[in-house]
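Quick notes on the structure that follows.
What you see is a predicted model; the values in this text were computed from it and never measured. Every number for a ligand or one of its atoms is a count from 1 in the order of the listing.
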Amino acid sequence: MKSVTLIIPCYNEAEVLSLLLKELSRVTLPLSSQYRFTFLFVDDGSTDATLDIIKSFVERVKGIQYVSFSRNFGKEAAMLAGMKYADSDFVGIIDADLQHSPDLIPEMLEAVDHEGYDVAAACRTDRAGESKLKSMLSSQFYKVINRISEIKINDNAQDFRIMRRKVVEAILSMPETIRFSKGIFSWVGFRVKWFPHENRERAAGETKWSIKKLAKYAIDGILGYTSSPLRIPLYLGIIFCVLSCVLALYGFIRFCMPSADFPMYALLLAAILFMGGLILCCIGLIGEYMARVYTESKHRPPFIVSETNIDNK
Ligand code: UDP
Ligand code: MG
């Protein structure tokens, strides 16, 4: 019998956990002849009764595991811990607040188990139940990141997904500490089947993502997946140098004209611009080297094998 672990990151979700467990049990019960399900609750340093409720589940229900953090580390860390602790054939991630419909789980499992996909992931079809400002900011964020970074992130992709073991291993092989799952999920590749999914209102409680947390998430995403910002001084430096040459040329032409009046200001400006440009170029050059050190220091695996018929790796 194949095993499935569903990871549930929880941060102050006491109000919704019982309902969630009921829903998950309802959906997974009909599949229990084919799969052995484990619900792995990751308590991300909740300050309410979340942990007590999870412990009460452990006593009452079979197949419940939990990991509890010493403090709030964020959803990224919770998902990572879940993946490290799960040792099943299939690993899924689902939010605690029932915004991710558990009814998709059977179809997702079908896709990864029988249809040859490695990942079954939900993508939202709308952004209902989200503030206008949040959807505007987040769509701008994905536009920017997709333009300047090498990987393409589906901006409707959700963390709600079921993955084969090998995908989880690939994700775990990325040792970086500042993690941006949306980037990591698309960076590792594999065959993904997308499941359109309507955004639903939270069953209870309120969102745990403050604007500050979201801003940090966005910066982690951009800096983690592209080093283009390090190139800004280089480009600015080149522009300034070119400008200074144009100005110097202008001064020279004026000087050569019959009514020769040498525009001192042009020369002065040209000199200042040139020096500024030179300095920026130097900083940019250092940035280029730093970008390489930065990329290397992440120790990402250079490639990930999906399948092979060679035994000795
Ligand atoms: N979450 C977490 N740690 C955090 C913030 C959120 O584990 O620091 C969990 C939260 O309990 C929920 C999921 O991540 O299960 C999604 O969070 P939320 O619903 O608040 O985000 P939203 O749906 O508003 O984007
Ligand atoms: Mg939510």
Side-chain angles (χ1 to χ4, degrees), residues 5-24 39-54 57 64-86 91-102 104-105 121-142 153-162 177-185 197-221:
T5 300
L6 292 176
I7 301 166
I8 306 140
C10 311
Y11 178 47
N12 293 345
E13 300 287 4
E15 289 170 61
V16 78
L17 283 182
S18 303
L19 187 61
L20 173 77
L21 184 65
K22 213 185 279 169
E23 283 290 290
L24 287 179
F39 304 145
L40 170 47
F41 291 87
V42 184
D43 165 38
D44 182 13
S46 302
T47 49
D48 65 357
T50 299
L51 184 58
D52 300 327
I53 296 174
I54 296 170
F57 291 165
I64 305 264
Q65 294 179 327
Y66 73 92
V67 176
S68 179
F69 287 172
S70 58
R71 64 168 171 87
N72 178 240
F73 279 94
K75 187 184 177 188
E76 292 293 323
M79 292 192 289
L80 178 66
M83 287 187 269
K84 279 199 173 147
Y85 279 84
V91 177
I93 302 174
I94 185 166
D95 277 5
D97 57 9
L98 287 169
Q99 277 186 306
H100 297 160
S101 158
L104 269 183
I105 290 173
C123 61
R124 78 186 117 214
T125 48
D126 64 346
R127 284 183 172 269
E130 213 179 72
S131 80
K132 280 242 158 56
L133 180 71
K134 195 172 159 187
S135 8
M136 201 262 295
L137 285 177
S138 105
S139 78
Q140 284 307 318
F141 164 69
Y142 286 107
I153 298 177
N154 179 347
D155 75 343
N156 291 318
Q158 295 183 306
D159 295 329
F160 180 25
R161 57 189 56 229
I162 294 182
T177 33
I178 306 168
R179 295 184 83 87
F180 174 68
S181 286
K182 288 229 167 67
I184 291 175
F185 289 149
H197 178 255
E198 257 173 49
N199 223 17
R200 311 199 302 182
E201 296 279 340
R202 241 177 183 277
E206 55 192 39
T207 177
K208 309 298 179 307
W209 288 90
S210 58
I211 289 286
K212 195 174 142 209
K213 264 190 178 175
L214 280 172
K216 183 177 170 296
Y217 184 72
I219 292 173
D220 284 350

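Counting heavy atoms from C-beta on, the side chains of Ile93 and Phe185 come closer than 4.5 Å. Counting heavy atoms from C-beta outward, Ile94 and Glu23 have side chains that stay 4.5 Å or more apart. Proximity of Asp95 to Glu13: side-chain heavy atoms (C-beta onward) are nowhere separated by under 4.5 Å. The shortest side-chain heavy-atom distance between Leu214 and Phe141 does not fall under the 4.5 Å cut-off.
At most 12 heavy atoms of other shown residues, nucleotides or ligands fall within 6.0 angstrom of atom OH in Tyr66.
Residue Ser46 comes nearest to Tyr11 through the heavy atom pair OG-CA, 3.5 Å, listed as atom of the first residue, atom of the second, then distance. The heavy-atom pair separating Lys182 from Ala157 by the smallest distance is CE-O, 2.8 Å.
Within the sub-2.8 Å shell of the Mg ion (ligand 2), the protein contributes these N/O/S atoms: Asp97 OD2, Gln99 OE1.
Checked by atom type and distance alone, the side chain of Asp97 pairs as donor or acceptor with a backbone atom of Gln99 at under 3.5 Å. Asp48 places a side-chain N or O within donor-acceptor distance of the main-chain N or O of Ala14, the cut-off being under 3.5 Å.
Each of Pro9, Cys10, Tyr11, Glu13, Asp44, Asn72, Gly74, Lys75, Asp95, Ala96, Asp97, Gln99, Lys134, Arg202, Thr207, Lys208, Trp209, Lys213 has a non-hydrogen atom positioned under 4.0 Å from some atom of ligand 1.
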